[in-house]
There are 2 protein chains.
Amino acid sequence: MKLDDFDRKILAILQKDNLTPQRTIGEAINLSAPAVQRRIAKMTEAGIIRANVAVLDPAALGNPITLFVEVEVISETAAQIEEAKREFARTPEIQQCYYVTGDADFVLVILVPHMAAYEALTRRLFFGNNNVKRFRTLVAMDRIKTGLEVPLGA
Amino acid sequence: MKLDDFDRKILAILQKDNLTPQRTIGEAINLSAPAVQRRIAKMTEAGIIRANVAVLDPAALGNPITLFVEVEVISETAAQIEEAKREFARTPEIQQCYYVTGDADFVLVILVPHMAAYEALTRRLFFGNNNVKRFRTLVAMDRIKTGLEVPLGA
DNA sequence: GGGCCATTTGCAATTTTGTTTCGTCCGCGC
DNA sequence: GCGCGGACGAAACAAAATTGCAAATGGCCC
């Protein structure tokens, strides 16, 4: 599916605030509300819009600590990697998980209420998994920019 | 502000799909639509709900490459750290930025169309900044779990 | 124990928003 | 030049959000 300038402008607005009325979007880009609505529907259908979500404040919800963890595994067979992916994906404290090249195999973004919770998590996920060779933790002191915004060209 | 069970259930729904009608939410948790609406308004007011956004597919929008970068700076004076934060925050390719303790000072999540774009970015952000001591890049091969979901207790 | 205040609820009315319909226009290929 | 497909806007329509209001609930002081 190919996008024109209208589509990109709509997406730019929606990824900042998807509760913006379609009528308002239309006014901003010189299009009628139904036209906006049809374009949104099409992009949602095409999977360009993956989800519509509320972004919550982790600290206000009892998870003030953000951690980064690089995990290196011992055996990188397809089966073991798949198993690791599944395990990470189903752990709620793991907010984000990527499989990477380089010195590490996985990068995780983790949210916890306190360090004791992280300690318990490491015991379960890393020490309790004999395919984990090594992991390295970085503790976030400041969340300067969080979000899922995608750069939308010019 | 303190939250009860209703609030947490509402948030759980909204952070998965904030386009869910309030009436539907109400039915799911046994509350009327106006009650749901008032709770959402209050939580938004309190900053617990930080934003409402559409999540877009980076690959579909021409940014198929996700990178992690750890940046170590030379001088960690308050002024220089603040300047670095501002610079990272205003760079659109930097989707996420955290100030961390440990071996590195910053962790960045970056989206680019291709490696040449990243190369140009490193030149501008890191080589072009004489307070950057070192940076280490990890390339994402698979985005297993992306999102901003916060674990919501029981 | 009784009464009072604050809070929150549900219902119903109102307003706003999203969605569908329909006729028109534009660009393209035949 | 003619017909076709796609996208548009205006208007009608449906659905959702929002507001006003009265009633229920719960704590607290007397």
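Per chain, numbering begins at 1; letters A, B, ... match sequence-line order. Since we're looking at a predicted model, the values are computed, not measured.
Salt-bridge check for A:Lys16 with A:Glu149: passed, with a basic side-chain N closer than 4.0 Å to an acidic carboxylate O. Using a 4.0 Å cut-off between charged side-chain N and carboxylate O, A:Arg39 and A:Asp4 make a salt bridge. Classification of B:Arg86 and B:Glu83 as a salt-bridged pair holds, one side-chain N sitting under 4.0 Å from a carboxylate O.
Partner of A:Phe6 under the side chain to side chain contact (heavy atoms under 4.5 Å, CB included) criterion, chosen from A:Ile25, A:Leu11, A:Val36, A:Ile29: A:Ile29.
Within the structure, every side-chain polar atom (N or O) of A:Gln22 is placed at least 4.0 Å from both OP1 and OP2 of C:dT16. Between A:Gln37 and C:dG18 there is no side-chain polar atom (N or O) within less than 4.0 angstrom of OP1 or OP2.
Toward the 5′ end of DNA chain C lies the nearest nucleotide of B:Asn30, the other residue of the pair B:Asn30 and A:Asn18 mapping further downstream.
Of the candidates D:dA17, C:dT17, D:dC8, D:dC8 carries the atom nearest the A:Ala35 side chain, counting heavy atoms from C-beta on. Distances from the side chain of B:Leu31 to the nucleotides D:dA17, C:dT9, D:dG9 place C:dT9 closest. You'll find that the side chain of A:Pro34 is closest to C:dT20, out of D:dC8, D:dT19, C:dT20. If you check D:dA7, C:dG10, D:dA17 against the side chain of A:Arg39, the one that comes closest is D:dA7.
Put simply, CG on B:Leu3 is 12 Å from P on C:dT8, counting in whole angstrom units. Rounded to an integer number of Å, the gap from A:Arg23 CZ to C:dG18 P is 8 Å. The separation between A:Asp4 atom CG and C:dC26 atom C1' is 15 Å, rounded to whole Å. Taking atom CG of B:Leu14 as the reference point, atom C1' of D:dA16 lies 15 Å away to the nearest angstrom. Counting to the nearest Å, the C1' atom of D:dA7 and the CG atom of A:Asp7 are 12 Å from each other. One can place CG of B:Asp5 at 16 Å from P of C:dT8, the figure rounded to the nearest angstrom. Atom-to-atom, CD of A:Glu27 to P of D:dC8 comes out at 17 Å; the value is rounded to the nearest Å. Distance CG (B:Asn52) to P (C:dT17): 15 Å, rounded to an integer number of Å.
Between B:Tyr98 and B:Phe88, the ring centre distance reaches or exceeds 6.0 Å.
A donor N or O paired with an acceptor N or O is found under 3.5 Å between the base of C:dG10 and the side-chain atoms of B:Arg38.
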